[in-house]
2 protein chains.
Amino acid sequence: MAEVYAVGIGPGGRKYMTQQAADVLQAADVLCGYPVYLDLIAPYFPGKEMLSTPMKKETERCRMALEAAQQGKTVAMVCSGDAGVYGMAGLLLELAGEYPGTEIKVVAGVTAALSGGAVLGAPLGHDFCVISLSDLLTPWKLIEERLRCAARGDFAVCLYNPGSHKRKDYLQKACDILLEEKDPETPCGLVRNIGREGEEKKLLSLRELRNTEVDMFTTVFIGSRGTEIIGDSLVTRRGYHLSRQGELT
Amino acid sequence: MAEVYAVGIGPGGRKYMTQQAADVLQAADVLCGYPVYLDLIAPYFPGKEMLSTPMKKETERCRMALEAAQQGKTVAMVCSGDAGVYGMAGLLLELAGEYPGTEIKVVAGVTAALSGGAVLGAPLGHDFCVISLSDLLTPWKLIEERLRCAARGDFAVCLYNPGSHKRKDYLQKACDILLEEKDPETPCGLVRNIGREGEEKKLLSLRELRNTEVDMFTTVFIGSRGTEIIGDSLVTRRGYHLSRQGELT
């Protein structure tokens, strides 16, 4: 049985990878992925055959991986963060039926909601939503509806793909929807270049976030009513303080 | 500066831990945690001082960790999954102000939404919510409201703490709320003992899930309208098929 492993490598550095991910990459004949992620890990796994396609050529990338597996090679598809969350695991599973005798195995990794959350403190310490603002593959109306529901449910929210050259005002539009329900002083945070050179974080209010320009290397966190800035950290409280105060009885 | 590391170890086995988590645990003088998780990792990090408290004694556990740090020891608070997501990172940050000179550092890990997702395929391949059904620290009415909003927003949903001895009917109640909006045939999945001995998975419809009894070692996944069962995997499609069909233009 030919195998393609969809491997989440976390934010990029070797130390954020699980042992399982490192073992699978080490054992693979071929590493396949988006060029930026392959460059990140190439130094740790020298001497591998590398296959890549540019952005928006994800279907072709998965087919390359499946074809290499059919040729008898062990293939690892490298995904930043987790292999499942906006990663290639799903697309590989969708396509695998066209390549008889191939099997997809998924190796989880630390997605940006978690790695960025750790940089800020614990912004996702209670119920949360993850929403991508990219409308390349999702109708913008559905994104708007999800933002509205996330705000109504008082979830902490983590936004992926909050901006790019072509989508300069998407974060502003998203914040305006959240502000229909949420307090403008809701504590928020952003992290740029998580776990990479030039990592930076910022704490700010939802009102301030609305007027902030971000790029595609940024992950955005918006608090719930249980979120506070404590020292220089963003923390969504789980409710131990309510328990102590007897407010749940 | 005394340091307490809040460390997410993933589902349990050494191979699911990041290199960073393993390095921090190796360097620590004291490992602190819930007994079950300490037992999971003790064999990999012998010779450490161990501090634990039972369930519902999380505040005391964090205070023990902070006090040990004030005595000059390097302390790692062991959290299953991620340190932030329903973990101890937030509570440590809340309490740290009472222990001058202590600093909390958070080390992310693979939370059950990701590790369980990998077992099933890619159920969280697009926007998703994570909701805990435990009402120990959260009013049940808020949990209900979040379930309702998650269903209205057509999120894929991952449920933590879906059941226990005392909360046998919580999953059924949650499914009934989701069924107000969602198709009874919505593909769902559950994973028990993720990454541990006796790991099992099951794919089923939301209608079937409603009549399934689960325990506290189970993580539940409920699909969005973009979720399908493909082979023996649960996949939430990201939209590449829409792009191919020209439905987004």
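First the proteins, then the strands, lettered A, B, ... as listed; each starts at 1. Computed from a predicted structure; not experimentally measured.
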**Item:** N/O donor-acceptor pair under 3.5 Å between Asp127(B) side chain and Arg146(A) backbone
**Value:** no
Greatest number of heavy atom pairs closer than 4.5 Å to chain A - which of [options]:
| options | result |
| --- | --- |
| Val119(B), Val235(B), Thr236(B), Leu120(B) | Val235(B) |
| Gly109(B), Gly117(B), Gly231(B), Gly87(B) | Gly109(B) |
| Ala156(B), Ser115(B), Ser132(B) | Ser132(B) |

I'd like to know which of [options] tops the heavy-atom pair count under 4.5 Å against chain B.
| options | value |
| --- | --- |
| Gly97(A), Cys158(A), Gly153(A), Ala122(A) | Gly153(A) |
| Glu228(A), Glu145(A), Arg152(A) | Arg152(A) |
| Ala6(A), Cys129(A), Gly10(A) | Cys129(A) |
| Gly226(A), Ala150(A), Gly8(A), Ala118(A) | Ala118(A) |

Contact class of [X] relative to chain B, heavy atoms under 4.5 angstrom:
| X | result |
| --- | --- |
| Asp23(A) | neither |
| Leu93(A) | both |
| Ala83(A) | neither |
| Arg148(A) | neither |

Within the structure provided, determine whether [X] and [Y] are in side-chain contact (heavy-atom separation under 4.5 Å).
| X | Y | result |
| --- | --- | --- |
| Gln19(B) | Met17(A) | no |
| His126(A) | Thr138(B) | yes |
| Phe128(A) | Ile131(B) | no |

**Prompt:** Should we count CD of Glu197(A) as having more than 12 external heavy atoms under 6.0 Å?
**Reply:** no
**Asked** With sequence neighbours excluded, what pairs up with Arg196(A) under the salt bridge (Lys or Arg N to Asp or Glu O under 4.0 Å) test?
**Response** none
**Asked** Taking only residues two or more places apart in sequence, or in another chain, which ones meet Lys15(A) in a salt bridge (Lys or Arg N to Asp or Glu O under 4.0 Å)?
**Response** none
**Asked** What's the spacing between Glu94(A) CD and Ser233(B) OG if we round to 0.5 Å?
**Response** 11.5 Å
**Item:** Distance (rounded to the nearest 0.5 Å) between Ile104(A) CD1 and Ile230(B) CD1
**Value:** 10.5 Å
**Prompt:** What heavy-atom pair brings Tyr16(A) and Thr18(B) nearest, and what distance separates the two atoms?
**Reply:** O-CG2, 3.4 Å
**Request:** Might you point out which heavy atoms bring Ala108(B) and Val110(A) nearest each other, and give the distance in Å?
**Result:** CB-CG1, 3.8 Å
**Prompt:** Given Arg238(B) and Leu91(A), is the side chain to side chain contact (heavy atoms under 4.5 Å, CB included) satisfied, shown in steps?
**Reply:** CA-CA 8 Å; Arg238(B) 193 170 166 194; Leu91(A) 186 52; over 6 Å; no
